[in-house]
Every structure is written in C-alpha cells, then in structure tokens.
Amino acid sequence: MLSGFPLEHCRALITGASSGLGAEFARQLAPRADVLVLVARRAEALAAVQAELSAMKANILCCVADLATDAGRNAVTAFLAANSVKPNLLINNAGMGDYGSFASSAAEKTRTQIELNITALTMLTHALLPHLERPAGILNVSSLASTLPMPNLAVYAASKAYVTSFSEALAIELSPENITVSCVCPGPTPTNFSNTAKRTNGSDTNRDGQALLRIPPSQVVREALGALQHGKPCVFPGHGVSIASRVFRMMPRGIMRWLLKRRVRKE
Ligand SMILES: NC(=O)c1ccc[n+]([C@@H]2O[C@H](COP(=O)([O-])OP(=O)(O)OC[C@H]3O[C@@H](n4cnc5c(N)ncnc54)[C@H](OP(=O)(O)O)[C@@H]3O)[C@@H](O)[C@H]2O)c1
C-alpha cells in the first residue's frame, strides 16, 4: 500500500506555472509549502503569479526556461543549484496540444509538443530524481485524452498515453524509495490550453459532449494534490471525467474506432 506524500512544508518545482493548472498548483500549495519554484517561458506572467502569492507563507522563486529545449531543461537544474533549492516535489505540468490533422500540422509545432509533453517531463524527472529529498513526490499532468486515440489531436493524445503509462510504471518502481508518483488526467478544463492548441486561421476542436465533463482548474488541482497525498497512482478529476475514463478504457477497440470514424466524418 502506497503511503502518499505529505504536502505540508514541501519544496515544490512546478513547470508551466505561468497560467492555467500550473498557476493553480502554485495557489493551492503556497499556503502550505516552504518553497515554490515556478517555471515557464513568460517572465511577466510568472512574476504576476509570484506577486499574487507574495503574502503567502512560501518563498516563491521564478525560473524562466523553455522546457522544449535541452538548454532550457539544463537551466532549471542550474537554477536550483544556484539558489540552493533542494525540492522534494516535482510537478510536471507544462504541456501543449495542436488541434487539426497530423498531415497538415506544422513540423516545428509537432516537434515542440513531443519535446515538452514527453522529453521535458521524462528528462526533468531523470535529472531531479537523485536530488529529490525523501519523502518525495512526483505529480505528472496527463489527460483524459491518454485513454483513447484522438483523430485531429493525435500527437497530443499519444503523448499523454505515454505520460500515464510512464507515471504508473514509475509509481511502482519508486515506492520502495519513499517517492510517491501520481498522475492526474483532467478532462476539458478552462485554461489557456485551447488558445495555444488552435492553429492560425485553423478550426477549433470538436467540443460535442465536453460541457458534461468540464470542471474548474481549482477542482482539478484539489483532486490531483489529494491523490498525491493519499498515494493514488492515477486520478481522473470530476465525476463525468471519471465515468468517461472507465467507459473509454473498457470499450472494445473496434467499437472505439467505429465511433471515432463517425465523429470525424460528422466534422
Ligand atoms: N486545459 C485542459 O483542457 C487540459 C486537459 C487535460 C490536460 N491538460 C494538461 O494540463 C497541463 C497544463 O495546461 P493548461 O491547461 O494549464 O494550459 P495553459 O494555461 O496553456 O498552461 C500551459 C503552461 O505550460 C507552459 N509552457 C508551454 N510551453 C512551454 C515551454 N516550451 N517551456 C516551459 N513552459 C511552457 C506555459 O507557460 P509559458 O507560455 O509562459 O511558457 C503555461 O504556463 C498540460 O500538460 C495540458 O496538456 C489540460
């Protein structure tokens, strides 16, 4: 039985903390943490989150880095060493999508997506693991999209399938080392995600049925932190998303493909 990670007095590194779920992780941890290191590319947006939380107990540091590059990932570990921060919690939250067909996608955006959603999450975990003070926690942000193939969001869904699989394997590998690994799989959540995923002059994603699944970032983050605290390897926040995940994972693949083909034809 996994025991879970205690959040009180944690020292957390949060990637993608300049908006959306990452900023919300900072908000909910700030009253309990000793140190928060916020990582993203936009310095002003990070500074705004830092200013918003300045009255809180945690010491909040901002690290500007492009995690889609080796240089940016190395800058994060250098920042921790330069500021003598020894984190015991890593929240791999930064991620992005790309709405539209794979064939028409911009090669550079597809590469960036893989670098950010897969490589950054994996290599940051690898780099920090030896230095995480025990008991430690790793919280990876995956997606409901990890449970099914998604035409017109193909690379994103596949990258999140990687995140869920990787996280569940790590949870087993690392539990004897007193490291709790949890993975959160949100459904549609109102953040900046869609603006980044939309292509210039491109169409929006098919939102049929999404209203039933949508919950606010505050609930996603509350359930994610709860899962980490209780040593739950994977959580699907919200009743609708939780039910949808069970249906998607149990559905015979042939039926799944038939339904997806119909949905794509309707678009
Ligand atoms: N919103 C949803 O419906 C939804 C559903 C399921 C899963 N998720 C997942 O939730 C996570 C957070 O996304 P969100 O919904 O909160 O979207 P968001 O508001 O767009 O936040 C994304 C964050 O990632 C950062 N980021 C993007 N590219 C980066 C890069 N190259 N280097 C460093 N940081 C980078 C962004 O900051 P900068 O632009 O300042 O770099 C921002 O802080 C993602 O992993 C996403 O896949 C979201």
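When reading the values below, keep in mind they use all heavy atoms of this one structure, side chains included, and skip hydrogens, waters and symmetry mates.
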Could you tell me whether the side chains of [X] and [Y] share a donor-acceptor contact shorter than 3.5 Å?
{"X": "Ser104", "Y": "Arg199", "result": "yes"}
{"X": "Ser194", "Y": "Tyr99", "result": "yes"}
{"X": "Ser18", "Y": "Arg42", "result": "yes"}
{"X": "Thr119", "Y": "Thr122", "result": "no"}
{"X": "Thr164", "Y": "Ser142", "result": "yes"}

Mark yes or no for whether [X], through its side chain, and [Y], through its backbone, hold a donor-acceptor pair below 3.5 Å.
{"X": "Asp98", "Y": "Ser105", "value": "no"}
{"X": "Glu168", "Y": "Pro233", "value": "no"}
{"X": "Lys232", "Y": "Ser182", "value": "no"}
{"X": "Ser165", "Y": "Tyr162", "value": "no"}
{"X": "Arg134", "Y": "Leu132", "value": "yes"}
{"X": "Lys160", "Y": "Ala145", "value": "no"}
{"X": "Lys266", "Y": "Lys261", "value": "no"}
{"X": "Gln50", "Y": "Ile60", "value": "yes"}

What do the steps show when you test Glu24 against Arg222 for side chain to side chain contact (heavy atoms under 4.5 Å, CB included), and what is the final call? CA-CA 9 Å; Glu24 186 59 28; Arg222 204 166 41 250; over 6 Å; no
Is there a side-chain contact between [X] and [Y], using heavy atoms and a 4.5 Å cut-off?
{"X": "Asn83", "Y": "Leu61", "value": "yes"}
{"X": "Phe102", "Y": "Asn152", "value": "no"}
{"X": "Lys57", "Y": "Pro31", "value": "no"}
{"X": "Glu52", "Y": "Arg27", "value": "yes"}

Smallest separation among heavy atoms of [X] and [Y], with atom names:
{"X": "Gly238", "Y": "Gln219", "answer": "CA-NE2, 3.8 Å"}
{"X": "Phe5", "Y": "Ala136", "answer": "CD1-C, 3.3 Å"}
{"X": "Glu223", "Y": "Pro237", "answer": "OE1-CA, 3.2 Å"}
{"X": "Leu36", "Y": "Ala26", "answer": "CD1-O, 3.6 Å"}
{"X": "Ala197", "Y": "Lys109", "answer": "O-NZ, 3.2 Å"}
{"X": "Pro6", "Y": "Gly4", "answer": "CD-O, 3.8 Å"}

Please test Leu213 against Gln210 for side chain to side chain contact (heavy atoms under 4.5 Å, CB included), starting from the C-alpha separation and ending with a verdict. CA-CA 5 Å; Leu213 306 178; Gln210 284 200 2; 5.6 Å; no
Check residues 85-95 and write down every donor-acceptor pair under 3.5 Å in which the side-chain atom is one partner and the other belongs to a residue at least two apart or another chain.
unit_1	atom_1	unit_2	atom_2	d
Asn88	OD1	Arg11	N	2.8
Asn92	ND2	Thr125	OG1	3.0
Asn92	ND2	Asn140	OD1	2.9
Asn93	ND2	Thr15	O	3.0
Asn93	ND2	Gly16	O	3.1

Are [X] and [Y] grouped together when hydrophobic residues (ILVMFWY) are joined by side-chain heavy atoms under 4.5 angstrom apart?
{"X": "Leu29", "Y": "Val37", "value": "no"}
{"X": "Met251", "Y": "Leu260", "value": "yes"}
{"X": "Leu38", "Y": "Leu225", "value": "yes"}
{"X": "Ile243", "Y": "Val235", "value": "no"}
{"X": "Ile14", "Y": "Val184", "value": "yes"}

Atom pair [atom1] ([X]) and [atom2] ([Y]), whose distance is rounded to the nearest 0.5 Å:
{"X": "Leu53", "Y": "Gln28", "atom1": "CG", "atom2": "CD", "result": "11.0 Å"}
{"X": "Glu115", "Y": "Ser159", "atom1": "CD", "atom2": "OG", "result": "12.0 Å"}
{"X": "Leu228", "Y": "Cys10", "atom1": "CG", "atom2": "SG", "result": "9.0 Å"}
{"X": "Ser146", "Y": "Tyr156", "atom1": "OG", "atom2": "OH", "result": "9.0 Å"}
{"X": "Leu128", "Y": "Met123", "atom1": "CG", "atom2": "CE", "result": "11.0 Å"}
{"X": "Leu144", "Y": "Met150", "atom1": "CG", "atom2": "CE", "result": "8.0 Å"}

Only counting residues at least two apart or in another chain, list the ones meeting side-chain contact (heavy atoms from CB on, under 4.5 Å) with Thr191. Leu21, Thr189, Phe193, Pro217
Restricting to side-chain contact (heavy atoms from CB on, under 4.5 Å), what partner residues turn up for Ala120, sequence neighbours left out? Leu67, Arg73
Might you work through the side chain to side chain contact (heavy atoms under 4.5 Å, CB included) test for Ile138 and Ile179, ending with a clear yes or no? CA-CA 7 Å; Ile138 298 173; Ile179 302 179; 4.1 Å; yes
Tell me if the CZ atom of Arg111 is crowded by more than 12 foreign heavy atoms within 6.0 Å. no
For side chain to side chain contact (heavy atoms under 4.5 Å, CB included), just list the numbers for Val39 and Phe79, CA-CA rounded to whole Å, side-chain angles, deciding distance to a tenth of an Å, and then say yes or no. CA-CA 10 Å; Val39 184; Phe79 180 92; over 6 Å; no
